[in-house]
Structure formats: C-alpha cells, structure tokens
Visitor: 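Attaching a single structure in structure tokens format; questions to follow.
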Number of protein chains: 2
Amino acid sequence: MLDSQLVEAARDFNRFYTNFLGVLNRAYLNTPFTLTDARVLFEVGSHEGISPVTLSRDLQLDPAYLSRMLKRFRNEGLIETRPDPADGRGQLAFVTDKGRAAFQELGRRSNAQIEARFNELASDQPQRIVAAMRTIRSMLDPASTAPPAIIRAHRPGDIGWIVQSQAKAYTEEYGWDMRFEGLIAEVAGRFLANFDPATEHCWIAERGGLNIGSILVTNGGDGVAKLRLLHVDKSARGLGLGKTLVDECVRFSRDKGYRQISLWTNDILHAARGIYVRAGFRLVSEEKHRMFGPELNGQTWVLDL
Amino acid sequence: MLDSQLVEAARDFNRFYTNFLGVLNRAYLNTPFTLTDARVLFEVGSHEGISPVTLSRDLQLDPAYLSRMLKRFRNEGLIETRPDPADGRGQLAFVTDKGRAAFQELGRRSNAQIEARFNELASDQPQRIVAAMRTIRSMLDPASTAPPAIIRAHRPGDIGWIVQSQAKAYTEEYGWDMRFEGLIAEVAGRFLANFDPATEHCWIAERGGLNIGSILVTNGGDGVAKLRLLHVDKSARGLGLGKTLVDECVRFSRDKGYRQISLWTNDILHAARGIYVRAGFRLVSEEKHRMFGPELNGQTWVLDL
DNA sequence: CCTATTTGGTGGACTGAGTCAAATATATAC
DNA sequence: GTATATATTTGACTCAGTCCACCAAATAGG
C-alpha cells in the first residue's frame, strides 16, 4: 500500500525530530527553567491574561502540576494572577516585568540555537526549511493562519530570487526555455545597475520571511513607466496579491509624474491579463514570437495616467 | 537582521511540533513502555548488534540510565546482550523474539496514530507533508548530507540562483551593495541571452538536489575565454569544489581552442585567488575601485593555454 | 614493557518532574 | 432548589532521569 510507506516515512521523521528537539531543548539546561517551565512562561508571556485551564489544555499539562508551577512563578515574582471578573472560579495570568525579561531571555537563547544551526547551512536552505515547516503546519494545524503578506522594497538577493523563481515557474508551467531566464536576468540586472530611486522601484511581497511575489517599475523615458516582472508565487495565489502589486505600481508612477505605464506580457498568462484589464490597461499591440521556445502571443498594454 | 523572521518561524514550528509529538507519544500510555523505552527498543530492534555506547550517543541518554534499562529489558526477556568479540569492554544488543514482537507492536500503534491523522486530511496532503518532512530532514540531518557533489550544466532557475546566492553572500560577508547584484545579474543575463553552446558553458555544483557552487566560461572574443562568477556556497567550502570547477573550465577552454583564459576578481577573495594561482593563472593588472561600496582592489588574471 | 589516560559499562543514591485522587468553590442546567 | 460540570488547589506518591564513583578493558606514550 502506498499509504503505509508514507506513514513509515512520517514516523521516521518524527523519530528524527524528537531527537532534534531534544538537542535543541538542552538550551534550557543553563537556565533555572525546565523545558516545561519555559513553555509555560512563553505561553503566558505571549498570551497575557491567559487562564490556567486554557494553558493546561494547550500545553497538555496536568492542572495540578500547572497550578503548582504558577504558584512557584508567582513566588519568584515572574507572573501575577488576578481573578477573572467574568468567572469567579477562574483566574488570569500576566507576566511581570521580571517575568517578561526571563521570557525574552529564553527566546534569545532559543533563537541563538536555531541561528547557529542555520548558519551551518547553504544559503537558501533556511528558507526552504521554513517553507517546508509551514507546509507541514498548515496541513496538520488548520487553525494556524498564514502570517500576513507585506510589500516592501527590494533587498540584496531579491533580484536573484525574482530571476530564479520566475524562470522555474515559467519553465515548469509553460515549457519556456532558458532564453526566458536570460531575458529576465538582463532586465533585472539593468534595473539594478542603473537604478534611480527617484523614478524607479522594485516591490517584493513577503510572507513570514519568505518571498512570494515581485513587480518593478523602470523608467522607459519619454514620460513612460515600464511595469516589469510581475509574478506571484503559486503558494500565494488567490490572495489578490497581484492586484495589490499592480496598484502599487500605478500609484507610484502617478506620484512620480509619469504620463503613461506600459508593459509587455504574453496572452497565455490569463491571471495577469485579468489584473491589467481591471487596473484599466488597454491592449495596444500584439505579435507572435518564439523568443522562449513555444509559439507565444506577445502583447503590449498601456495605461494613461 | 534578515534572518530573524526565519528563525522566529522555525522556533514557532518547533513549539508546535513539540506539542504535536507530545500528543502522538501518548500512544505509549497504554503500553508498559515509556517513550524512552520505546525509543531504545526501536533502536535495538532496527539495528541489531548495536552497542550501548552508540545507543546512548544516538538517543542522548545517560549511560547509567541506559544500562539499567537494558538490564530490565534483559530480565524481561526482550533483549539479549553478548560480549563484543572485537572489544572486551563493549557488548552488543539483540532483540529476542519476544522483544521483536513488542517492538513491532509499538510500531503498529505508532503507525495507527499517524494513519488516523492522515485520514483526516485531504487526499494529497499526506504526500505533501512527507515531502516537506524529507526536505527538512535532508537539510538538518548531517548524516544524510552524505550525497556526493556533482557538477552539471545549468538548468532553468540556476542563473537566478547564481545571482541570488552570490549577492547574499557578498553582501553579508563583505558589505557590498546592490550594484554588485546588478552586475552579476547583467553578466548572467547576457550569458543566457547570447549563449553559444559551442564556445561557452555554465557549470553548477549540486549536492542532494541543492545548488552549492557555480562557474561559467563566456567567449571574450579574440581567442580569449572569460571565466566568470566562480562561487562556492559556504556550506560546501573546503571540499576542493572551487578547484574542480576551475579545472573544468580550463579543460573546456583548451578543448574549444581558446588561446587564453582571463578573469576579473577582487583581492580580498583569498580562497579564490589561491585557486587561480594553483591553476597557473598570473596577475596582469590591478586597480582600486568602489563599484560595490567599500574600496576594493580589482584584479585581472590570465592563463595562457 | 610498564604507566597514564581514555572509554565502556555498572551500581548507589538522590531529586524533582509529572501523576492521581480528593477537596473546595463557583457556574450552569433543569 | 438540586444536580452536575468546571476551575483551581492540596496531599501523597512514583519513577524517569541525573550525578558520582568505580571497575575493567583498551589505547597511547615513553
């Protein structure tokens, strides 16, 4: 059965990760806290006003054990508890300043451990690991919500990411050949080489430290802004990110005094075309080409500002 | 720092997975074994003839504790130990039939737990989870970093990877600014755009599906081959990969009838310089520049073929 | 060859993390 | 009002895991 292999593999991973976490959790050996202490402190610190029941349910701890632990923390001045005004039986836990300091110190140690691990890895491995972790988590824990996407200016490495992610995506999805990667690498390279912050910009959409989308505006001269390299990673489609990115470009171009935005795309990229249409672009020319292997319909769209 | 979000995300996953494993491990509650018992029994069962030292190292257990545990297992007829013929101090542990039965029963329970989880998921989710688990494992488990490095021609996405990994590395290590990324993106883009397989080549060093190094030869005209974009990821340094890549380029250039190879580098890249020197390159010119921010010593090296 | 040091394994003694059962007080259901 | 469920606490216990000291065999150094 196919399933049994998967189960076996998952079990194997669990054994491995049990060991791995065991090693990481040794970090607490130099502190006065046990792993469980740390988990509780962390939970109280990050959900102020949490009740012991919730705590014991979330962390799977014996209420008696937890009660004593909270008492200890109270005596050590790490937390405070107040009666729950809404329920005479319950109470709410808060960290004191001292508790917060301890909790942040634990966080720092924990981060340092992981950072040390990540530093031993190849440059793009941490991102892949985190992406994989997110995959697992999103499936095993449907309640977990993806962190919100943010849009920011480009940073070192981002331009390479744009080239790589788009090259891979279009090769896989449409069978384009490497000339496409060559084209975007050149476009991206020229953008950086002649970058004029006053009239040009690159936006990267990022979610939880992972890049998920990109777009850029370059100065085409003659009052025309060129919109280029719009792309949204397939893991982030359907969120309206493409529209947001395009809107951002339009707003930027208008602010900077361009009179028109133009862009070049290919008709098979339906999702992108929909975005352009809704943003008010109009198709001005179209020609068949074979620049990337398969026969394509190249299109030029413009928007007057 | 750039990485802090990733670290945070990894820590978050670890917290989640600690809980998750905690729940799964409740499977042992109905058996006479603790989680640690089960881990040891599993390890002995799947590595017959394993020695207690190895066991205590692999599972991070106190040798005294383990010794007592093995004694208990021996008394209960679950395992047998024989003296190690190769080392009078050591011993080797084997499971008995009864032990094997117990160990398989534990495996069944464990599988059942995971199966139950998987059954609640959509049809393709288990596969994706397992794939993600493999990703994580292959990167975090040093033992599985074993696969040898291979060197191959470039494929879609590789050029973007070159740009990204080098931009990140040189920004972090030497503080170069984004103009550097622009330069290499342009170089890489032009390479692909005008790619002539008869006289040019790109090599990617890969290990276990991950890119770890690159180099390329372009036609500089006039019988001169240009060696460009040599880079080895920090996770793969010290393996002689740089040398191998350069040698490959030299051989290729000789085969293709070039009369000389030339390259441009910066003197602070000591490791690279060592490789060039050993390959027989000689320094022909040098000039200070500030192309990437900090003041650098650009150098041109050549090798007559 | 003898001596010093390291490594594999074991027993004694302890501790404290975590469990189980019972008690108290408040809330909710009918 | 009674009955039952929920939140928290206290008492009493146990056993998983640790620390230290020791023995026996192996290895290293002179």
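In what follows, chains are A, B, ... by sequence order, proteins preceding strands, each numbered from 1. None of the values given here were measured: they were computed from a predicted structure.
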Visitor: Does the cation-pi check pass for B:R137 over A:F16, that is, NZ or CZ under 6.0 Å from the six-membered ring centre and within 45° of its axis?
Guide: yes
Visitor: For B:F33 and B:F103, I'd like to know if the aromatic rings sit close, meaning centre-to-centre distance below 6.0 Å.
Guide: no
Visitor: Judged by each residue's nearest nucleotide on DNA chain C, which is more toward the 5′ side, B:L66 or A:T34?
Guide: B:L66
Visitor: I need the CG-C1' distance between A:D37 and C:dA17, as an integer number of Å.
Guide: 9 Å
Visitor: For B:T36, answer base if it contacts any base atom (sugar-phosphate contacts may also be present), sugar-phosphate if it contacts only those atoms, and nothing otherwise; contact means non-hydrogen atoms under 4.0 Å.
Guide: sugar-phosphate
Visitor: Sugar-phosphate atoms are those with a prime plus P, OP1 and OP2; base atoms are the rest. Using that split, label each nucleotide of nucleotides 20-30 of chain C B, S or - for protein heavy atoms under 4.0 Å, 5' to 3'.
Guide: BB----BS---
Visitor: Are B:K71 and C:dG11 close enough that a side-chain N or O sits under 4.0 Å from OP1 or OP2?
Guide: yes
Visitor: Assign the ring pair B:Y17 / B:F20 to parallel, tilted or perpendicular, where the plane angle (0 to 90°) is split at 30° and 60°.
Guide: tilted
Visitor: Rounded to whole Å, how long is the line connecting atom CG of B:L61 with atom C1' of C:dG8?
Guide: 15 Å
Visitor: Whole-Å distance between C:dA17 C1' and B:L35 CG?
Guide: 15 Å
Visitor: Walk along DNA chain D from 5' to 3' and tell me the first and last nucleotide with an atom closer than 4.0 Å to a non-hydrogen atom of chain B.
Guide: D:dA16 to D:dA26
Visitor: Applying a 4.0 Å non-hydrogen cut-off, can you work out what B:P52 is touching in the nucleic acid: base, sugar-phosphate, or nothing?
Guide: sugar-phosphate
Visitor: Heavy-atom distance under 4.5 Å between the side chains of B:Y276 and B:L303, does that happen here?
Guide: no
Visitor: B:I151 vs B:I204, test: side-chain contact (heavy atoms from CB on, under 4.5 Å). Steps then yes/no.
Guide: CA-CA 6 Å; B:I151 293 175; B:I204 297 288; over 6 Å; no
